[in-house]
Structure formats: structure tokens, C-alpha cells
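These figures come from a predicted structure and were not determined experimentally. To find a chain, count down the sequence lines: A is the first, B the second, and so on, and within it residues start at 1.
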Amino acid sequence: MRLITWNVNSIRQRLPRLLGVLGRHEPDIVCLQETKVADDAFPLAEVEALGYGAATFGQRSYNGVAILARHPIAEVARGFPGDPVPEEARVIAATVAGVRVIDVYVVNGKEVANPAYEVKLGWLDALTRWVSGVEDPNLVVTGDFNVTPTDLDVHDPAAWAGRNLASDPERERVRRLLDDGLTDLGRTAAGTAPGPFTFWDYRAGAFHRGWGLRIDLVLARPAVAARLRSVTVDRDERKPTAGEGKPSDHAPVIVDLDD
DNA sequence: ATGTCACTTTACAAGTGA
């Protein structure tokens, strides 16, 4: 089984690349973030033409998540109980091929000194409370966490020390998710090697300069983690020249599991 | 750290969010 998570930063802008990713990688499940469209504007017919169904939880302009799959999508849930910002479309869950998938777009937080950072911490607390009560042993929690779990996930730890996306309080929140029985599949696959990075800021030529972060995560309970075969990042999708149209600032993360 | 991108609007430039 192949699962992809990708923050597309507008599905309208990224549709040609998304269709290319579906055709090239043939994933079973795709978790998207920052679709930035209401559900009635989601390009459903285009993904259906490639054999995929979709469950969407969108909103205009900001946020928005979706789960695509070439298998039946069951028990769809939008949002989660206890969400501190329920007006923002950040979480969708569904069961596909025996796996309970929770697709998240975590609050960015802007900067540590910004009130949005406190919202981020509270949101992660609420997410963890909810996830810990989800009974399914075949659970995957994946998406754009907007947190680098450790310094291995930062291109320049000294430059990022204490800053949003790399600060201790937010890392502690991710640590609690892991302590609650989830394995970080990207880190498991990479061992002690840095990265693999999944996000490069559009500004300052960050991709070209290698200024990457690993903030797009796939967390799984033991029954799923035991099936881990590989985790790769499709860096070509971050290149302006590869593919059709402009790139997202995130690259797709591809996880292969034993069937 | 900030060489950009995508969104929206008392829109055709500027603010916001990332």
C-alpha cells in the first residue's frame, strides 16, 4: 500500500501537478492540505477520471484538507471534537483499505511571540487528546504538522533554535503524540540522517540553497508501523522546472507499506 | 533568513497568511 501526504498550497494552482503525481506514483491514499477551496469547487471530476474518489473538507481561501483514494472511502469525519478553531477546515478522517487515516493541517503559529503561536500549542493539545481516544489500532495521523520534531529535521539548527517550527514547546506537543503510541515513519526510515526535508520556503531561494525542513509527517500506530517499507520525498515536485505549472512550497511524502 | 506565492477585495494595488 502506498500513501502520500502533500501540502499542495491551493489545489486549483496545483491540479496539473497533482494529476501527474497520481499517474506517476499510483498511490492508494493521498492526504492533501491547504486545498483552499470550498467543497463544491474541489476538482472532483478530474481526480475521478484517474480512478480516485475524494472526501473533502474545504473552505474558501485558507486551509482545507482532502483524502483521495482508489479504494472505497468510509466513515468520513470532518473536524474533531475539542478543536479550538472549529471554523477552520484543518482535519478530515476516513477509513480506507483497513486503515483509519487522520489528515491534519496544523495551525502555523506565525512566530513564537505572536498570539497565533499559543493557538497552535492549544490546537496540538486538543488534537492529541482526541487522537489518544481513537480506538482503531490501524491508525495513521499524517499531514502538515508545521513542527520539526527534532534538530535532525532542520537544515540549520543553530539558525532555527527557538523559532516557530523548531521551538521546544511545539516539539514537546509532537513528542506527546509519539509517547501516546505513534511512530514517526519518516524518522524511522531515515534513522539518524538529517531530513528528508519536505518543505522549503518560497522566499530567499530556500530550495536552491538547501534550506529545508521536515514538517510533513506520517505517524502510525504499531500495527501499521510494523508494515513500513520505505519513505521517500518527491523533490522533483518542488522544482520550478519539473512538472506542469509552479511548485508548491511542500514536496509529496511517499510512504510504502507491506500489504 | 527572507531573492515568493496564492488568496482576497468598496479590486486593476495592497494587505494577509504562509
Side-chain angles (χ1 to χ4, degrees), chain A residues 5-21 31-43 46 56-66 83-91 103-124 143-148 151 153-167 170 173-174 194-195 197-217 235-253:
Chain A
T5 182
W6 190 18
N7 179 323
V8 290
N9 184 22
S10 171
I11 195 163
R12 286 183 294 191
Q13 295 300 318
R14 224 61 62 203
L15 184 58
R17 285 191 181 245
L18 173 64
L19 298 179
V21 164
C31 293
L32 303 176
Q33 303 88 36
E34 284 207 89
T35 54
K36 298 188 176 181
V37 291
D39 290 340
D40 60 7
F42 192 92
E46 288 86 344
T56 61
F57 183 37
Q59 70 182 89
R60 203 177 76 136
S61 309
Y62 304 113
N63 311 309
V65 285
D83 186 345
V85 285
E87 68 277 14
E88 300 183 357
R90 295 184 174 276
V91 172
D103 177 18
V104 305
Y105 173 50
V106 175
V107 173
N108 176 286
K110 298 181 190 288
E111 294 177 342
V112 169
N114 192 295
Y117 179 80
E118 296 302 323
V119 175
K120 178 186 198 174
L121 297 183
W123 196 92
L124 283 165
D144 178 359
F145 280 75
N146 272 315
V147 180
T148 54
D151 275 353
D153 305 307
V154 181
H155 68 94
D156 184 346
W160 280 90
R163 299 182 51 197
N164 185 45
L165 308 183
S167 67
E170 58 192 303
R173 294 332 192 262
V174 171
F197 303 135
T198 65
F199 162 83
W200 298 261
D201 199 295
Y202 281 127
R203 294 165 291 182
F207 181 69
H208 181 70
R209 296 160 86 150
W211 293 354
L213 304 174
R214 190 177 71 93
I215 58 178
D216 298 277
L217 309 179
R235 291 172 52 96
D236 284 347
E237 282 304 329
R238 183 60 183 82
K239 296 176 181 172
T241 51
E244 188 181 341
K246 293 180 177 179
S248 171
D249 43 1
H250 296 248
V253 179

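- Here, B:dA11 and B:dT16 have their C1' atoms 15 Å apart, quoted to the whole Å.
- Between the P atoms of B:dT10 and B:dG15, the separation comes to 14 Å (whole Å).
- The aromatic rings of A:His250 and A:Phe199 lie tilted to each other, with the angle between the two planes from 30° to 60°.
- Between the C1' atoms of B:dG17 and B:dT2, the separation comes to 15 Å (whole Å).
- No more than 12 heavy atoms of other residues, nucleotides or ligands shown are found within 6.0 angstrom of CD on A:Glu244.
- Distance alone, capped at 3.5 Å, is enough to place a donor-acceptor pair between the A:Lys120 side chain and the A:Asn146 backbone.
- A donor and an acceptor atom, one from each side chain of A:Thr148 and A:Asp153, are nowhere located under 3.5 Å apart.
- When all heavy atoms are compared, the tightest approach of A:Asp236 to A:Ala242 is O-CB, 3.4 Å.
- Checking each of A:Val106, A:Asp144, A:Val107 against A:Arg90 for a side-chain contact (heavy atoms from CB on, under 4.5 Å) leaves exactly one that passes, namely A:Val107.
- If you check distances only, the side chain of A:Arg209 never reaches the base of B:dA1 with a donor-acceptor pair under 3.5 Å.
- Annotation: B:dT8 and B:dG3 have their P atoms spaced 25 Å apart (nearest Å).
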One character per nucleotide, please: for nucleotides 5-18 of chain B, 5' to 3', B when the base has a protein heavy atom closer than 4.0 Å, S when only the sugar-phosphate does, - otherwise.
SSSSS-------SB

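- Counting to the nearest Å, the P atom of B:dA1 and the CG atom of A:Asn164 are 12 Å from each other.
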